[in-house]
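Read through the structure below, which is laid out as structure tokens, and then see the notes.
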Amino acid sequence: MQNSFARLAALETDSAQSLESWIHALPKAELHLHLEGSIQPETLRELSRAKGRLEQETEVWIRQQEERNFRYGSLSEFLNAFKLVSLLLESPSDYALATERLLQALASQNVGYAEITLSAGVILWKKQSLPETFEAICEVARHFESTAPLKVRWIFDAVRQFGTDHAREVLGWARMFRDQGVVAFGIGGDEERGPAELFVDVYQEARGYGLHCTAHAGEGHNPAGMRQAIRLLKPERIGHGIAAARDPEMIRLLRDNEIPLEVCLTSNLCTGLFDDVQNHPLKQLWDAGVRVTLNTDDPAMFATNLEGELALAARAFGFGPTEIIKLCQNAIEASFMPEDEKQEFRTKLRQAADRSVPG
Ligand code: ADE
Ligand code: ZN
């Protein structure tokens, strides 16, 4: 008898609409998305309005993004925009609002599990209270989790270009909040200005505290920094990692050691790395046997969501139901869920896949 996934492989998706509703019905996990980058323009307007200032600047900036179709000239231009958005978050209640809206958006897409990155380093840089901010975030998450089938875990991110002491401070807080859902420590920001060698000891300490480790690396075209990040920091997953496509040895390393990549298609297009999705190396990495997951990175700043990313992979690379389910399975396997939660999620995915087989 054919198993459910094999039967799904035979599923004909006869229109974009049916593929999209089929994707919607799957229980999904997302591993790489930033809370700050998930704030929709309407919420940015609300945040600026509530303060009675910055309203005009925020409006002009939002219009500009919309006119440019959320394209940023470069990754560093995007990182600057990310900073501007982060500056609109001035209090724990602002972060709580952002959290509430993100969790609603995830639940509405049938995302059942999310590891959300909090730029803890940016909160420290703004001289805001990280414990008060994270407590406000957790209160929203706890309430949400008690009413919706969504589990949330947190990754505390340090900013590469702020250096070692800063990263160690972020790590200290991540350790402190391990029992409130912080599962991992990571680094983001500018790879050139914050090379991996600065963080060797910090990553070692993080592992010693029982935290998982991720790292944004290989987000540009140069594989050298990514090679260093893997060799020196030994992260369990890589944020982006598309530079590996230019380095056959690194592709083998990722495949043989089952190091997952958190690929973010629309993000890479919007930050100007590729002018056409057809030039993105997702399919190349996939065909080479790398464990790829799909993610949104900063969904509101790139006008995307997880369903959209899966549909884009289908349209651009001919991914059908078999490949889409494999992407969803990869996210479960690459997640930092404990084994019993993974098992439960695998079962839910299989059941949903079965239910959606026609006839
Ligand atoms: N922080 C938020 N989005 C990021 C990205 N795409 N790269 C590095 N740091 C980030
Ligand atoms: Zn990211």
Side-chain angles (χ1 to χ4, degrees), residues 30-40 44 65 70-89 95 98 102 114-126 153-163 166-167 170 184-196 198-199 212-222 225-226 228-229 233 235-244 260-274 280 282 292-306 309 331 334 336:
E30 177 153 21
L31 308 180
H32 187 133
L33 82 160
H34 298 262
L35 175 65
E36 300 82 350
S38 76
I39 308 172
Q40 296 294 339
L44 292 179
Q65 302 313 313
F70 299 90
R71 301 277 155 156
Y72 304 80
S74 63
L75 183 57
S76 69
E77 240 186 77
F78 167 74
L79 290 174
N80 201 42
F82 185 86
K83 183 171 114 186
L84 291 180
V85 168
S86 300
L87 284 169
L88 276 177
L89 297 165
Y95 276 88
L102 172 56
E115 286 169 14
I116 303 173
T117 296
L118 177 67
S119 288
V122 173
I123 297 172
L124 297 175
W125 170 76
K126 290 188 291 180
R153 299 287 180 269
W154 299 93
I155 299 172
F156 273 17
D157 231 19
V159 182
R160 276 171 170 267
Q161 62 270 29
F162 292 175
H166 157 86
V170 170
F185 168 79
I187 48 174
D190 191 328
E191 274 180 85
E192 304 281 318
R193 290 163 58 215
L198 297 178
F199 308 106
H212 293 284
C213 292
T214 63
H216 283 75
E219 190 174 357
H221 294 304
N222 181 358
M226 178 173 173
Q228 279 225 322
L233 308 180
E236 289 154 82
R237 299 194 307 245
I238 306 285
H240 298 280
I242 49 167
L261 296 187
E262 302 154 2
V263 171
C264 310
L265 288 173
T266 303
S267 165
N268 295 156
L269 291 170
C270 289
T271 59
L273 282 168
F274 305 99
H280 193 285
L282 168 70
V292 172
T293 67
L294 273 194
N295 303 274
T296 59
D297 204 8
D298 299 284
M301 298 183 73
F302 303 134
T304 188
N305 63 18
L306 188 57
E309 293 301 298
F336 300 138

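From a predicted model like this one, the values you see are computed outputs, not experimental measurements. Whatever order the structure lists ligands and atoms in, that order sets their numbers, starting from 1.
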Below 4.0 Å from ligand 1: does a non-hydrogen atom of [X] turn up there or not?
| X | answer |
| --- | --- |
| Gly189 | yes |
| Leu79 | yes |
| His240 | yes |

#### Entry: Ligand-side contact atoms (ligand 1) for residue partner Phe82, heavy atom cut-off under 4.0 Å
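What qualifies from ligand 1 is 2 (C).
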### Message
Only heavy atoms of Asp297, strictly under 4.0 Å: list the atoms of ligand 1 that pass.
### Response
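So the answer, numbered in order with elements, is 3 (N), 5 (C), 6 (N).
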### Task
Kindly assign one of parallel, tilted or perpendicular to the pair His216 and His240, based on the angle between their ring planes and the thresholds 30° and 60°.
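Answer is tilted, since the angle falls between 30° and 60°.
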Metal proximity, [X] vs the Zn ion (ligand 2), N/O/S cut-off 2.8 Å:
| X | result |
| --- | --- |
| His216 | yes |
| His34 | yes |
| Asp297 | yes |

Could you check if a side-chain atom of [X] sits within less than 4.5 angstrom of a side-chain atom of [Y], using non-hydrogen atoms only?
| X | Y | answer |
| --- | --- | --- |
| Val85 | Leu44 | yes |
| Asp297 | His34 | yes |
| Phe302 | Cys264 | no |

### Message
Geometry only, no angles: is Glu219 polar-contacting ligand 1 at N/O separations under 3.5 Å?
### Response
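Between Glu219 and ligand 1, an N or O pair is found under 3.5 Å apart.
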### Message
What's the separation between atom CD1 in Ile187 and atom CD1 in Ile155, rounded to the nearest 0.5 Å?
### Response
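Result: 12.5 Å between the selected atoms.
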### Query
For Phe336, is the NZ or CZ atom of Arg237 found under 6.0 angstrom from the centre of its six-membered ring and inside 45 degrees of the ring axis?
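Pair Arg237/Phe336 counts as cation-pi.
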### Message
Which atom name would you report as the N, O or S atom of His32 nearest the Zn ion (ligand 2)?
### Response
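For His32, the N, O or S atom at the smallest distance from the Zn ion (ligand 2) is NE2.
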### Task
Heavy-atom distances under 4.0 Å are what count here, so tell me which part of Thr271 touches ligand 1: side chain, backbone, both or neither.
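Neither; nothing of Thr271 gets under 4.0 Å from ligand 1.
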### Query
Between Asp298 and ligand 1, which part of the residue brings a heavy atom under 4.0 Å of the ligand: side chain, backbone, both or neither?
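Asp298 to ligand 1: side-chain contact only, backbone stays beyond 4.0 Å.
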### Query
So which heavy atom in the protein is nearest atom 1 (N) of ligand 1, and how far is it from that ligand atom?
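Checked against all protein heavy atoms, atom 1 (N) of ligand 1 sits closest to His34 CE1, 3.5 Å.
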### Query
Cut-off 3.5 Å, side chains only: do Thr266 and Asn268 have a donor facing an acceptor?
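Their side chains do not contain a donor-acceptor pair, so the 3.5 Å distance test is not met.
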### Query
Can you tell me if Glu191 uses its side chain to pair, donor with acceptor, with the backbone of Glu219 under 3.5 Å?
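Confirmed, Glu191 side chain pairs with Glu219 backbone.
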### Query
Is there a donor-acceptor pair under 3.5 Å between the side chain of Lys83 and the backbone N or O of Phe78?
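Checked: no pair found.
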